[in-house]
*Asks:* 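Sharing a structure here in structure tokens format.
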Amino acid sequence: MQPDLLDSHVLYQFRTRSPLTHCMTNDVVQAFTANVLLALGASPAMVIEAEEAEPFAALADALLINVGTLTAPRAESMRRAIESAVAAGTPWVLDPVAAGALTFRTRFCQQIVSLKPAAIRGNASEILALAGMSAGGRGVDTTDTAASALPAAQSLARQTHAVVVVTGEVDYITDGQRTRTVAGGDPLMTHVVGTGCALSAVVAACCSLPGDRLDNATAACGFMKRAGSAALSQSRGPGSFASAFLDALYALEAQA
């Protein structure tokens, strides 16, 4: 299936099913992540407290674990939610924000990656670090190219049996055997807080859909790249771009 047709078909499934997406994400991006999911047609929920997150993860269609503002209590809540999701067969996705740059979150990500994530989405430095390879990086920003992290992503995918998504100017999506690429978007996306984190939530929602998980994750990247390209002509800078980006996601066309 051609990429645009694949994206449209996955988007049709997405909007038809409106996956309930449990986002245990960082404090900086919660509202933007929720708005991205809503614009595409999903149902977002931000449930963090352990006593609620554990049972809710079993009820949701997908779970996102984003370690951007990780604390010890939140790590425990996340672990309990993951274990509940795995027991219920709910796919969960890891966004290892700044893994490799900070010890606590790196150790936590290395521990939970053994708990059968459906997908892992990160920038090149994060994926390299999670795969145990030398990586650059400055906080949440990568100093490595997505292409340079592809071998690490393929190795990590084979080790974890997860789809691994490395994002950059070109996104690379791999299950360890097959690899897809998605180009497009615009550098202005890097000046809006939360586009990468929101993509991880969209990947999680897409992992709950029927069909090939590699294709579904690839479509998630396609949604964001296409909307980023479309938003550019309607914006004058980061503020107007964020609004235009949400409008562009909402306007994407779906096809059964």
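Small disclaimer: the values here were computed from a predicted structure and weren't measured. Because only heavy atoms are used, hydrogens play no part in the values below, and waters and symmetry mates are left out as well, while side chains stay in.
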*Asks:* Please find the pair of heavy atoms, one from Ala230 and one from Ser233, that lie closest to each other, and give the distance.
*Replies:* O-OG, 3.3 Å
*Asks:* Quick check: does any side chain N or O of Thr16 sit under 3.5 Å from a backbone N or O of Tyr12, one acting as donor and the other as acceptor?
*Replies:* yes
*Asks:* Taking the side chain as every heavy atom from C-beta outward, state whether Thr195 and Val192 have any pair of such atoms under 4.5 Å apart.
*Replies:* yes
*Asks:* Is a donor on one side and an acceptor on the other found under 3.5 Å between the side chain of Asp61 and the backbone of Leu20?
*Replies:* yes
*Asks:* Determine whether more than 12 heavy atoms belonging to other residues, nucleotides or ligands lie under 6.0 Å from atom CD of Gln111.
*Replies:* yes
*Asks:* Sequence neighbours excluded, which residues qualify as salt bridge (charged side-chain N to carboxylate O under 4.0 Å, His left out) partners of Arg80?
*Replies:* Glu54
*Asks:* Are Leu232 and Phe223 joined in one hydrophobic group, where the rule is that I, L, V, M, F, W and Y side chains link up if heavy atoms are under 4.5 Å apart?
*Replies:* yes
*Asks:* Heavy-atom distance under 4.5 Å between the side chains of Met78 and Met24, does that happen here?
*Replies:* yes
*Asks:* We want to know whether Ser208 and Arg17 form a side-chain donor-acceptor pair, criterion being a heavy-atom distance below 3.5 angstrom.
*Replies:* no
*Asks:* How far does CZ of Arg107 sit from CD of Gln110, to the nearest 0.5 angstrom?
*Replies:* 9.0 Å
*Asks:* Can you give me the closest heavy-atom contact between Thr21 and Ala204, atom names plus distance?
*Replies:* CG2-CB, 4.4 Å
*Asks:* Check the side chains of Gln177 and Arg158 for a donor-acceptor pair under 3.5 angstrom, ignoring hydrogens and angles.
*Replies:* no
*Asks:* With distance as the sole test, does Ser18 use its side chain to make a donor-acceptor pair with the main-chain N or O of Arg15 at under 3.5 Å?
*Replies:* no
*Asks:* Are Ile82 and Phe104 connected in the hydrophobic side-chain network, where two residues link if heavy atoms are under 4.5 Å apart?
*Replies:* yes
*Asks:* For the residue pair Val182 and Val170, establish whether any side-chain heavy-atom pair is separated by less than 4.5 Å.
*Replies:* no
*Asks:* Are Val113 and Val166 grouped together when hydrophobic residues (ILVMFWY) are joined by side-chain heavy atoms under 4.5 angstrom apart?
*Replies:* yes
*Asks:* So, the side chain of Arg121 versus the backbone of Val165: is there a donor-acceptor pair under 3.5 Å, distance only?
*Replies:* no
*Asks:* With sequence neighbours excluded, what pairs up with Arg213 under the salt bridge (charged side-chain N to carboxylate O under 4.0 Å, His left out) test?
*Replies:* none
*Asks:* I want to check something: taking the side chain as every heavy atom from C-beta on, are Val202 and Cys206 in contact at a cut-off of under 4.5 Å?
*Replies:* yes
*Asks:* At what distance, to the nearest 0.5 angstrom, does CG of Asp7 lie from CZ of Arg226?
*Replies:* 5.0 Å
*Asks:* How many angstroms lie between atom CG of Leu102 and atom CZ of Phe108, to the nearest 0.5 angstrom?
*Replies:* 14.5 Å
*Asks:* List the atom of Ala152, the atom of Met133, and the distance in Å for their closest heavy-atom pair.
*Replies:* CB-SD, 3.5 Å
*Asks:* So, taking the atom named OH in Tyr172 and the one named OG in Ser148, what distance separates them when rounded to the nearest 0.5 Å?
*Replies:* 9.0 Å
*Asks:* Is it the case that one hydrophobic cluster holds both Val164 and Leu94, taking links as side-chain heavy atoms less than 4.5 Å apart, direct or via other members?
*Replies:* yes
*Asks:* Counting N and O atoms only, with roles assigned by atom type, does the side chain of Asp95 sit under 3.5 Å from a partner on the main chain of Ile65, one being a donor and the other an acceptor?
*Replies:* no
*Asks:* Test side-chain contact (heavy atoms from CB on, under 4.5 Å) on Leu150 and Thr179 and set out the steps.
*Replies:* CA-CA 9 Å; Leu150 180 57; Thr179 299; 3.9 Å; yes
*Asks:* Considering all heavy atoms of both residues, which atom of Ala217 and which atom of Ile173 are nearest to each other, and what is their separation?
*Replies:* CB-CG2, 4.0 Å
*Asks:* How close do Thr25 and Arg74 get, counting heavy atoms only, and between which atoms?
*Replies:* O-NH1, 3.4 Å
*Asks:* Taking distance alone, no hydrogens or angles, what donor-acceptor pairs closer than 3.5 Å link side-chain atoms of residues 29-43 to residues at least two apart or in another chain?
*Replies:*
residue: Thr33; atom: OG1; partner: Val29; partner atom: O; Å: 2.9
residue: Asn35; atom: ND2; partner: Ala31; partner atom: O; Å: 3.3

*Asks:* Using atom types as modelled and distance alone, determine if a side-chain donor or acceptor of Thr106 lies under 3.5 Å from a backbone N or O of Ala99.
*Replies:* no
*Asks:* When the side chains of residues 237-253 are checked against the rest of the protein, which donor-acceptor pairs come out under 3.5 Å, sequence neighbours left out?
*Replies:*
residue: Ser240; atom: OG; partner: Arg236; partner atom: N; Å: 2.7
residue: Ser240; atom: OG; partner: Gly237; partner atom: N; Å: 3.3
residue: Ser240; atom: OG; partner: Gly237; partner atom: O; Å: 3.3

*Asks:* Are the side chains of Leu130 and Ile120 in contact, using a 4.5 Å heavy-atom criterion?
*Replies:* yes
*Asks:* Which atom names give the shortest non-hydrogen contact between Gly185 and Ser229, and what distance separates them?
*Replies:* N-OG, 3.0 Å
*Asks:* For the atom pair OG (Ser200) and CG (Asn66), what is the distance rounded to the nearest 0.5 Å?
*Replies:* 6.5 Å
*Asks:* Do Pro117 and Val93 come within less than 4.5 Å of each other through their side chains, counting heavy atoms only?
*Replies:* no
*Asks:* Are Leu63 and Pro91 packed together at the side-chain level, in the sense that at least one heavy-atom pair is separated by less than 4.5 angstrom?
*Replies:* no
*Asks:* For the side chain of Trp92 and the backbone of Glu83, is there at least one donor-acceptor N/O pair under 3.5 Å apart?
*Replies:* no
*Asks:* Give a yes or no on whether the backbone of Leu209 and the side-chain of Gln13 come within a donor-acceptor separation of less than 3.5 Å.
*Replies:* no
*Asks:* For Phe56, which residues count as a ring-ring contact (aromatic ring centres under 6.0 Å, His included) partner, sequence neighbours excluded?
*Replies:* His22
*Asks:* Do the side chains of Leu156 and Leu115 join up, straight or via other hydrophobic residues, at under 4.5 Å, putting them in one cluster?
*Replies:* yes
*Asks:* Can you check whether Ala254's main-chain N or O pairs, donor with acceptor, with Ser8's side chain at less than 3.5 Å?
*Replies:* no
*Asks:* Is there any salt bridge (Lys or Arg N to Asp or Glu O under 4.0 Å) pair reaching into residues 171-184, and which pairs are they, with sequence neighbours excluded?
*Replies:* Asp171-Lys225, Asp175-Arg178, Arg178-Asp212, Arg180-Asp215
*Asks:* Do Val67 and Asn26 have side chains that approach each other closer than 4.5 Å (heavy atoms only, starting at C-beta)?
*Replies:* no
